[in-house]
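Report on the following structure.
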2 protein chains.
Amino acid sequence: MDTASGRKALRKTLHDRGMRMTPQRQLVLDAVRELEHATPEQVCRRVQRTAPTVNITTVYRTLDLLDRLGMVRHTHLGHGAPSYSVRAHEHVHLVCHRCGRLEQVPCELLDPLSGTLRAGHGFELDASHLALSGTCRDCLKEIP
Amino acid sequence: MDTASGRKALRKTLHDRGMRMTPQRQLVLDAVRELEHATPEQVCRRVQRTAPTVNITTVYRTLDLLDRLGMVRHTHLGHGAPSYSVRAHEHVHLVCHRCGRLEQVPCELLDPLSGTLRAGHGFELDASHLALSGTCRDCLKEIP
DNA sequence: CTACGTGCAAAGGTTTTGCTAGTGT
DNA sequence: ACACTAGCAAAACCTTTGCACGTAG
C-alpha cells in the first residue's frame with residue numbers, strides 16, 4: 001500500500017467512526033510508512049520537516065489512534081521507546097543486544113513455534129509485537 | 001542454588017574483581033531470588049523491609065552490576081519496567097497483551113527456532129531476554 | 001452550536017548522573 | 001591513603017493529562 005492509498009484508507013476508517021481526517025494524521029501515517037521502525041520522537045521530527053508546529057503530544061496521540069485503528073503497530077525492541085511500522089510491513093524483529101543492530105525476518109519463521117504454543121498452551125502468538133534478542137553474526141565473530 | 005550459596009557465589013565473584021560484598025548487594029540478590037520477575041521498584045520495596053534506608057538508586061546500580069556479573073538477568077516484558085530473575089530460573093516468557101498475564105515455558109521450546117536462526121541468519125538467539133507477546137488461553141475464549 | 005482535534009504547559013513515572021561522605025583494606 | 005560504595009538531589013528520558021482555543025460539520 002502506497003502513500004496515496006494509505007491516506008484514502010485512513011480517511012475512510014476515520015470517517016466510518018465519525019472522526020476527522022486532519023493534516024497531522026496524514027503526516028504521521030506518511031512518516032511511519034516512510035521511516036519504518038521509527039520512535040515517536042523520530043516520527044515527530046519527520047513530520048516537523050513539513051509542518052514545524054506539530055507537537056509531539058499530537059504525534060503520541062495520533063500513533064496511539066492509528067494503532068487502535070489497526071493501521072500501524074508498535075514493537076518493543078527492548079530498551080527505550082517503542083518502534084512504529086505500518087501494518088503491511090510485519091516482520092519478526094531480531095535485536096542484537098551487543099551492538100543494537102535490528103534485523104527483520106519473515107513472520108513465517110515462527111509458524112512452527114506458534115503451532116507448538118497454540119497446541120501446548122492455548123497461547124496465540126503475535127510474532128511482531130515483541131522482538132527477539134540475541135547476538136548477531138558480526139558480533140559473534142568478535143567474541144572468542 | 002539457595003540463598004546461602006547464592007551469597008557465597010556473589011562474594012567470590014565480587015572479590016575476584018576487586019569489588020566488595022555489601023549488605024545492600026546481598027539483600028538485592030536475595031530479593032531477586034525470592035520475588036522472581038520483580039521490577040526494580042518491587043525489589044527496592046522488598047529490600048527496604050529489612051533495610052529501610054536503602055535507596056532506589058542503589059537498587060538500580062546493584063541490579064545492573066549483578067546483571068553484568070551474570071548473576072541475575074532482566075527480561076523486557078513489553079511496556080513498563082523490566083523484570084529481574086536469578087540466572088538459574090530461565091524461561092521463555094509469554095505475555096498476554098490483552099490481560100497482561102505472564103506465563104513461563106521452558107527455553108527448549110525455542111530450540112528449533114534457535115537452530116533456524118543460527119543456520120539461516122548467523123543469529124544466536126537469547127530466548128529469555130525478551131518476552132513473546134500474544135493472547136492467552138482465557139482471553140481467546142472471550143474473543144468471538 | 002457542538003463535538004472533535006490541536007498545541008502548550010505541566011505533571012507523571014522510570015532510570016541515570018554528579019556529587020559528597022562514609023567505609024573497608 | 002586509596003579505591004570502592006551508598007545516599008541524596010537533580011537531571012534526563014519517555015509519556016500522559018488538563019485546559020483553552022480553533023475549526024469542521
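Within every chain, numbering begins at 1; the chains are lettered A, B, ... in the order of the sequence lines, protein sequences first and strands thereafter.
- In this structure the side chain of B:Leu10 reaches within 4.5 angstrom of the side chain of B:Arg25, judged on heavy atoms.
- With sequence neighbours excluded, the residues satisfying ring-ring contact (aromatic ring centres under 6.0 Å, His included) with B:His37 are B:His93.
- With sequence neighbours left out, the side chain to side chain contact (heavy atoms under 4.5 Å, CB included) criterion links B:Arg61 to B:Thr57.
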Next on the checklist: So if I define the base as every atom that isn't primed, P, OP1 or OP2, how would nucleotides 7-16 of chain C read as a B/S/- string at a heavy-atom cutoff under 4.0 Å?
Outcome noted: BBB----SSB
Please list, pair by pair, any protein nitrogen or oxygen found under 3.5 Å from a nitrogen or oxygen in nucleotides 23-25 of chain C.
none

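- Considering only residues two or more places apart in sequence or on other chains, B:Gln48 meets the side chain to side chain contact (heavy atoms under 4.5 Å, CB included) condition with B:Cys44.
- B:Arg73 and B:Ser128 are linked by a side-chain donor-acceptor pair at a separation below 3.5 angstrom, with hydrogens and angles left out of the test.
- Considering only residues two or more places apart in sequence or on other chains, B:Val47 meets the side chain to side chain contact (heavy atoms under 4.5 Å, CB included) condition with B:Leu27, B:Val28, B:Ala31, B:Val43, B:Val54.
- Scored by the salt bridge (Lys or Arg N to Asp or Glu O under 4.0 Å) test, A:Arg46 finds A:Glu34 as partners (sequence neighbours excluded).
- In the helix from C:dC1-D:dG25 to C:dT25-D:dA1, the end axes, each obtained as the rotation axis mapping the C1' atoms of four pairs onto the next four within a five-pair block, lie 10° apart to the nearest 10 degrees.
- Residues forming a ring-ring contact (aromatic ring centres under 6.0 Å, His included) with B:Tyr84 (at least two apart in sequence, or on another chain): B:His74.
- For A:Arg118, the salt bridge (Lys or Arg N to Asp or Glu O under 4.0 Å) test picks out A:Glu124, with sequence neighbours left out.
- In summary, contact between chain A and DNA chain D, defined as any nucleotide atom under 4.0 Å from a heavy atom of the protein, begins and ends at D:dC14 to D:dA24 in the 5' to 3' direction.
- By the salt bridge (Lys or Arg N to Asp or Glu O under 4.0 Å) test, B:Arg20 pairs with no residue at all, sequence neighbours left out.
- Centroid-to-centroid, the aromatic rings of B:His76 and A:His76 stay 6.0 Å apart or farther.
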